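Fair warning: this is a prediction, and the values are worked out from it, not measured in the lab.
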Amino acid sequence: MYRATVNGVSLADQLRPAHTHWTRLRGLLGTRRLKPGHGLWIKPSNQVHMFGMRYSIDVVFLDDDGRALRLVHALQPNRISPRVPGASSVLELPAGTLERAGLAEGARIEITGVTPTKQRIRFDIVGTLVANLMLALLYCFFVAAHASKIATTGQWGTTMPLVAQEAMLVGLVLARRRSVATTGRSMDWILGIGGTLLPLLVRPEGVPGPLSWLGEPLQFVGVGTALVGLACLGRSFGLVAANRGIKTSGLYKLVRHPAYAGYMLGYVGYVQCYPTPRNALIVIATLLALNARAHVEERFLCHDPRYRTYLRGTRWRFVPLVY
C-alpha cells in the first residue's frame, strides 16, 4: 500500500496500486464508494474511463517525476477523461479531495510505500495462465473442426492455411515476451482479445463457395505475409497494446502492421471459400477490430520517441501507397 502527499498534506493514506494487467483492467469497478483517505494509483496510464462506475471521483494525471500535469474534479460515471500527453500514471481519489488539499497543476506529489506484494504478483500470473489456457482450448476446438472437414472431404487447401495462420498467432501469444508497458484501458483490452479470439469461431461449413478459386491463393499469400511479419516480431507479440520493443526491420520498413495485413488477407480468403453468414459476420468484426487495434497500438507506442520517429518515416499502415 502507498501514501500520496503534496507539501505535507495527505491526498491518500491508503493508495492501492494498479500496476498489472488485471488490476488496471479492474480499477474501481464493482466498488460502491471510495472512502476518504483511500485512492487508486494506475500505472501506466494517461486516460481513464468511468463506464460501469457508480460514483464520481477526482483524477490527477502525473508525469514520471510525480508532477500533476492535469486535474479533473468530480469526473462523473459513464464519462471519459481527457487523454493527457506526457502523463505516465493516474491517481483516482474521492471527489472533493483535490479542493480540500488545495492541489494545483504543476505541484509535485510524493508517493511513498512498499512494492506490490508477492500475493498480487501471483494473482497476475494466475490470471495470465487462465487466459492462455482458454485461448489454447478454443484453438483446439478450432483445429478439430477443420481437421474433421479435411478428413471427410480432402479439401485441405481451403482450410489448412487459416489453421497454420492461427497456430502462429496462438503460439506467439502463449510465448509472448513480458512488456515494458501495457495499456490499462478496458476498450484496448476488448479490441485486443476480440481480434484474437473471434477468428477461432469460424467454421468450414457446407461446400466451398464459387469464389474459392480466389480464396485459396489469398489465404496462402496472407499466411506467408503474416509469417514474415511475425518472424520480425518474434516474441514481441501480445493480446493488447504494449511496448515489447520497437520493430523497424523487414516488412516493417514498408508498412507499420504487416502481420495484421497478412491476417486480414487470410480471413478475406477464408470467407470466400466458406461464405456463410456466420463466417462473414465474424470476419467483418475481426477486420474492424484489427484496424482499431492498429490505431490503439500506434497511439500507445507514440509515448516512445523511437516509435514517433518510425511513424514519420513509415507512412502506410497495412498496404503501401494505399492505406
Chi angles and distances behind the side-chain hydrogen bond (donor to acceptor under 3.5 Å, both in side chains) call for Tyr263, Thr286 | CA-CA 10 Å; Tyr263 274 94; Thr286 301; over 6 Å; no
Please assess Trp41 against Tyr2 for the test ring-ring contact (aromatic ring centres under 6.0 Å, His included), listing each intermediate value before the final yes or no.
-> CA-CA 9 Å; Trp41 182 20; Tyr2 293 85; 5.1 Å; yes
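Between the side chain of Arg256 and the backbone N or O of Arg315, at least one donor-acceptor pair lies under 3.5 Å.
Rounding to the nearest 0.5 Å gives a distance of 7.0 Å between CE of Met50 and CD of Glu92. Asn291 contributes atom CG, which lies 11.0 Å from atom OH of Tyr260 (distance to the nearest 0.5 angstrom).
Side chains of Tyr274 and Glu205 form no contact here, defined as non-hydrogen atoms less than 4.5 Å apart. The closest side-chain heavy-atom distance from Leu40 to Leu91 is not below 4.5 Å. The closest side-chain heavy-atom distance from Ile109 to Leu62 is below 4.5 Å. Under the 4.5 Å side-chain criterion, counting only non-hydrogen atoms from C-beta, Gln47 is not in contact with Pro82. Taking the side chain as every heavy atom from C-beta outward, Leu162 and Tyr267 approach each other to under 4.5 Å.
Counting heavy atoms of neighbouring residues, nucleotides and ligands inside a 6.0 Å radius, atom CZ of Arg317 exceeds 12 of them. For Arg278, the CZ atom sits in a packed shell: over 12 heavy atoms of surrounding residues, nucleotides or ligands are nearer than 6.0 Å.
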